[in-house]
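Here is the structure we will look at, set down as structure tokens.
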Amino acid sequence: MRRTYLSTGYMSSNSVLKHTHFLYWATGITNTNLFELQRFQHCRYQSWTVGDSLPDIQHAKSVKDGSLHHLNVRNYVLNLYTKSKNLDYAHKLFGEMPERDVRSWTILTSGFARSGACRMVLELFKEMQVERVCPNQFTLSSVLKSCSALSDFRMGKGIHGWILRNGIDLDVVLENSMLDVYVKCGALDNAERLFETMKDRDTVTWNIMMGAYMRIEDMEKALEYFRRLPSKDVGSWNTIVYGLMRNGDERCALELLYEMVENGVPFEDVTFSVALGLASSLYVLELGRQIHSRLVRRGIENDGFLRTSLIDMYCKCGKMEKASVIFKRTRLRTKSKFTCDETKTEIVSWSSMVSGYVRNGEHEYALLTFRSMLREQIMVDRFSVTSILSACANLGILLLGQNIHAHIQKIGYILDVHLGSSHIDMYAKCGSLNAAWMIFKQTNDPNVVLWTSMISACALHGQGREAIRLFELMIKEGIKPNEVTFVVVLNACSHAGLIEEGCNIFSLMKEVYGIKPGSEHFTCMVDLYGRAGRLDETKEFIHANGISHLSSVWKSFLSSCRLHKNLELGKWVSENLLRLEPSDEGPYVLMSNMCAVNHRWEAAAQMRRLMQQRGINKVPGQSWIQLKNQVHSFVMGDRCHPHSTEIYSYLDELIARLKEIGYSTDAKLVMQDVEEEQGEVLLGHHSEKLAIAYGIISTASGIPIRVMKNLRVCSDCHNFIKYTSQLLFREIIVRDLHRFHHFKHGSCSCGDYW
DNA sequence: CTAGGGTTAG
């Protein structure tokens, strides 16, 4: 299916659509109190576990009845504040306590540990040592958990030594925590040694060891531990199945899942969740359905965690309606939300739906869901922000993207890898390469995805050399490129005509990085040769690599034939493509236009009829431009726009002026090149011309014009825009299906090579 | 110890 940036449903109802200031419109509130709203949401999310201000009441009571001077009462109050997550206040109280015992320390450390303030825990532990308070099992457990979260090997080992020196009895739980510290710090030797000396081992112990090896992707070793396990309970099965899945070995995971069923291991909630995850990462809807029906039979399909797993499964398998049904049921059930868990479930459900719509290309629904989310005052966390930015990127709605950027800055989210790359992508796809650079520099993280996003941004704007420079810099920085990186770089090469560089990178990928080229990489190479006009080499490449079964390869080849006007070859390529994908529109349009060029009108019409008979639909070309708070969209020959008369008369006048400085419309040339929009082109005007004309008459001179199009720009329009930019001294930026064109002083950033 | 939502390409 062709991917368009904008499905017609969104725009077609009216060619004029208001949708900027999306956030304000959605919530009906102003910029400033939006921030308040978010703050409120954050508070609500945290304090819901408590429900009321019980600590304050108790505190006041104890002060009033004078019992606060008792250590026990003070510890009780401390505990109340800690449990209700008023950690700052608890800490203050703790500091004011005239005397403390181990329990006081335990209460505070476990409180900080629970809320993830690990550094604080370690600080407290150090203070404890200074005050010579002997830690109990509970304190040690919290401290060890913090060590493992922070990968603080020195502290962990120190504690271990201290325990051994003082002859403190380690129970399994504590020993497991100790084991976990070593594993998280990557000290597998220490972990092994401890494991071998342990007298009691429970499931958790084995799980930690299996997890340790799965983390370093040593599945052999993990499986070895699994086989060694004397009595396997569900937990261990869960761990191994999940681990295999995470490491991308879904097949093996599935086999083990079946083995579980055969051995009669009873499933628990976690198992179902893992199984659903497996179904979605394999995109096997049937498996997901089976698990769903088992959940129903067991009567646990309403469990919050499992519901979100189900929603995700249906989203990933492309069944948005199914997901939506479960989602709506969730919404009904959690109308009265009290617990933290339920709130979390709700947030996860919403963000799953948003990301599901984005994943399935239904960006408008993603925006609508996001809007409802704001209305319902659901906390917008990093996950949903990432997804919604992706929707903005694909729809090209810069303003909403900027709003969200500003918004998350106010909330104070740090740009991590996910947020960073989605911002880069959003700015790049919305035409603001500078802003993308700014974000990239700001993140300063040696992460592949981040760098790949930036390389892709350069490629998108036709900066092939810059893309390669960044790629080389990336390697110099010691970041290992992945398959996607190579797709992006090769793409940059092909669009900038950097053939030699592309070939070198292709072999670098195979030989140095040991990445087996996939269909995407082959297609890039075919594009590289073909686009440069080396059509014979393209043919050779296809045969040499045995990739004639890939339709994407032939599609790319066909574009090259069209680009270089080699109709003979184009016909042959079309035949090959039609064999593989009879429903692809490319060959029909090409052949029909070929006939038209040779004035074989009847044959051309016949080809068109054949297309209709076979139900092959051509995506209509659409262009849109955003002026102030409105989006104006146009299709070819469109007369729906309120200013259509002005637009057309201006356009005719403009074309006449352009012809004076050398622009010409060669009917033959247009015919051959028209990819998507058919022969009527000569009578009407392509949508981008309309959008640009409207942009020019509606804005002051000197203001750059930004237009988006859902298809490729044809060469006549490209030429037209070049001359326009020269004549009017206007910068014109066009985003087409594949890339950006920056027109300035009569030339285009793509170097006429797109 | 093990389970749910996110980013890059075509």
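Here is how names work: the chains are called A, B, and so on, in the same order as the sequence lines, proteins then strands, and each is numbered from 1. All values reported here derive from a predicted model rather than from experimental measurement.
Between the CZ atom of A:Arg712 and the P atom of B:dG10 there is a distance of 15 Å, rounded to whole Å. Look at CZ on A:Phe272: it is 17 Å from P on B:dA3, rounded to the nearest Å. Between A:Ile311 atom CD1 and B:dG5 atom P there is a gap of 12 Å when expressed in whole angstrom units. Going from atom CG of A:Leu450 over to atom P of B:dT8 covers 12 Å, rounded to whole Å.
Distances shorter than 4.0 Å separate none of the side-chain N or O atoms of A:Thr443 from OP1 or OP2 on B:dT7. Phosphate contact (OP1/OP2 of B:dA3, side-chain N/O of A:Lys344, threshold under 4.0 Å): absent. Phosphate proximity of B:dT7 to A:Tyr427: absent, as no side-chain N or O sits under 4.0 Å from OP1 or OP2. Look at A:Arg359 and you'll find a side-chain N or O under 4.0 angstrom from OP1 or OP2 of B:dG6. For A:Asn238 and B:dC1, the shortest distance from a side-chain N or O to OP1 or OP2 is not below 4.0 Å. A:Tyr242 has a side-chain polar atom (N or O) that falls below the 4.0 Å cut-off from OP1 or OP2 of B:dA3. Remark: A:Ser355 is in phosphate contact with B:dG6, judged by side-chain N or O atoms under 4.0 Å from OP1 or OP2. At least one side-chain nitrogen or oxygen of A:Ser456 sits closer than 4.0 Å to the OP1 or OP2 atom of B:dA9.
Ion pairing of A:Glu466 with A:Arg469 is present here, as a side-chain N (NZ or NE/NH1/NH2) and a carboxylate O approach within less than 4.0 Å.
Considering only residues two or more places apart in sequence or on other chains, A:Ser177 meets the side chain to side chain donor-acceptor pair (under 3.5 Å) condition with none of them. Residues satisfying the side chain to side chain contact (heavy atoms under 4.5 Å, CB included) test with A:Glu483, not counting sequence neighbours, are A:Ile515, A:His521.
With centroids closer than 5.5 Å and planes inclined by less than 30 degrees as the test, A:Phe305 and the base of B:dG4 pass as a stacked pair. An aromatic stacking contact links A:Phe383 with the base of B:dG5, defined here by ring centres under 5.5 Å apart and ring planes under 30° from parallel.
A:Ser352 contributes no side-chain N or O that forms a donor-acceptor pair with the base of B:dG5 under 3.5 Å. A donor and an acceptor atom sit less than 3.5 Å apart, one in the side chain of A:Asp381 and one in the base of B:dG5.
The side chain of A:Asn482 approaches B:dT8 more closely than any other nucleotide in the set B:dG5, B:dT8, B:dA9.
The aromatic rings of A:His405 and A:Tyr427 sit perpendicular to each other, their planes meeting at more than 60°, with 30° as the lower class boundary.
No engagement by A:Ser552 is indicated, since no non-hydrogen atom pair under 4.0 Å with the nucleic acid exists.
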